[in-house]
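See structure below.
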Amino acid sequence: MNYDFLIVGQGIAGSIMGLQLEKYNQRFLIVDKNEKITSSKVAAGLMHPMSFKRCVLNWKGETLYDYSHQFYTKCNEILSDKTYLEFPLIRLFQSYEEQNNWLSKVSTKPFVRVLSEREEKFENINNQFGNGRLKKSAKLDASAFLKNVKLYFERQNKFREESFLIQNIQKDGYFYKKGNDLFKYIIFCQGPFVDEFNPFCYLPIIPNKGEILEIQSQFLPQFILSKGVFSIPTVEDKFILGATYNHNDLSKKITEDAKWELLSKIKKFLPQNKFEIINQKYGFRPTTIDRKPLIGNHPILKNAFIFNGMGSKSILMAPLLGKQLIDHILCNKKLSEAINVSRFDHYFTAQHKELCSKLVT
């Protein structure tokens, strides 16, 4: 069968790429080996445009948020399930300095559209420096979203559960050939672990381990709370507490260090006898040395692209950046230099070139 696109990987990035390509009436196939543990499947699902540490907007934060909000709202209709919800986020200030910084910005542009000086009153919560509310915050049930997308595309024969090996790809004129299928373009959305045969193995993708706790408490409010960690309501009296960041630990297991790190942080606003640990999970985010995504063309393989490196902000970034990559491919629109993978072309050596020439011939 002839396709326009082959998407490798069905995490947040690959799923969103498929949903965006559908809008462009493109013929595509997603392949994924369905690993049990991925960062997408255990993601807390929080989405907002702020960096709380310095009380500044993230890179393109408000633009990305506004676009993603519209995108996920539409996905609720397409997938017939409300996996995405706007949700109040309350920042518990850690000092009077942080409180003053926040309040000094609430009436100034661009923060007037994002920050509120409204303060919530809490029982059982340590709130000695007060709090502020975000006007733009939401959560996505990432695990349910991925399951729904998979089922949605399976019904249309646009998804196959299988491993992908670049050695099984051949060049057939202007197309890539995989078995009996032909593809104009390949987009690699494979997350943090890229093997030595992957055409994009030269890129500095850094696996960043994140661990979360699932806890139960009758004392936490039905808000997203932020104070060193996030407390995110799920169902009934259950919450996700997270997450840790560790680019040194590549062990595929939960750790006591992460558990105690999260516990030490939640105790700053909720005493330990006010909650119970239910479960602990981990995943690896794909991050980069300059904290910007990896998007764009392969240096020598024509019509091979990467859509990766969004780290913990993939839910926020992927919808708009996915559209921009499609516009780049189909309409020759220029990608921002900040995200364009060409900024790492100097990492592409003669050895990588020789490898790629052997992989797809």
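Small disclaimer: the values here were computed from a predicted structure and weren't measured. Just the heavy atoms: all of them, side chains too, but no hydrogens, waters or symmetry mates, feed the values below.
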Please name the pair of heavy atoms, one in K33 and one in S163, separated by the smallest distance, quoted to 0.1 Å.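 It is CB-OG, 3.7 Å.
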
Test item: side-chain donor near acceptor, [X] and [Y], under 3.5 Å:
| X | Y | value |
| --- | --- | --- |
| E211 | Q280 | yes |
| D290 | T288 | yes |
| H328 | N297 | yes |
| K267 | Q272 | yes |

Examine distances only and state if a side-chain atom of N124 and a backbone atom of F219 form a donor-acceptor pair shorter than 3.5 Å.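 Side chain of N124 to backbone of F219, a donor-acceptor pair under 3.5 Å: no, none is there.
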
Strictly distance-based, threshold 3.5 Å: is any side-chain N or O of S217 a donor or acceptor partner for the main-chain N or O of K274?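 Confirmed, S217 side chain pairs with K274 backbone.
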
S137 side, atom OG; I90 side, atom CD1 - distance, nearest 0.5 Å: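 It comes to 7.5 Å.
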
Counterpart residues, ring-ring contact (aromatic ring centres under 6.0 Å, His included), relative to H69 (two or more places apart):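 H69 satisfies ring-ring contact (aromatic ring centres under 6.0 Å, His included) with Y84 once adjacent residues are dropped.
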
Whether [X] engages the ring of [Y] as a cation-pi pair (distance to the six-membered ring centre under 6.0 angstrom, angle to the ring normal within 45°) should be assessed.
| X | Y | result |
| --- | --- | --- |
| K252 | F193 | yes |
| K105 | F111 | yes |
| K227 | F269 | no |
| K171 | Y176 | yes |
| R285 | Y245 | yes |

Test side chain to side chain donor-acceptor pair (under 3.5 Å) applied to T349 and H352, Q351, H346, the passing residue: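 Among H352, Q351, H346, the one that satisfies the side chain to side chain donor-acceptor pair (under 3.5 Å) with T349 is H352.
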
Name the residue from D249, T244, N248 that meets the side chain to side chain donor-acceptor pair (under 3.5 Å) definition with K209.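 Exactly one pass, corresponding to D249.
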
Parallel, tilted or perpendicular: rings of [Y] and [X] (30°, 60°):
| X | Y | value |
| --- | --- | --- |
| Y347 | F344 | perpendicular |
| W102 | F52 | parallel |
| Y3 | F183 | parallel |

Could you tell me whether the side chain of D181 reaches within less than 4.5 Å of the side chain of K177, counting heavy atoms only?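 Answer no - side chains too far apart.
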
Kindly indicate whether the side chain of M50, heavy atoms from C-beta on, has any atom under 4.5 Å from the side chain of R91.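 With C-beta onward as the side chain, the pair stays apart.
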
Please identify which of these residues, [options], meets the side-chain contact (heavy atoms from CB on, under 4.5 Å) condition with [X].
| X | options | value |
| --- | --- | --- |
| L335 | V341, I329, N340 | N340 |
| P49 | N58, V114, L64 | V114 |
| T287 | I205, N308, I206 | I206 |

Between K82 and D141, is the closest basic N to carboxylate O distance under 4.0 Å?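 Looking at K82 together with D141, the answer is no, because their closest N to O distance does not fall below 4.0 Å.
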
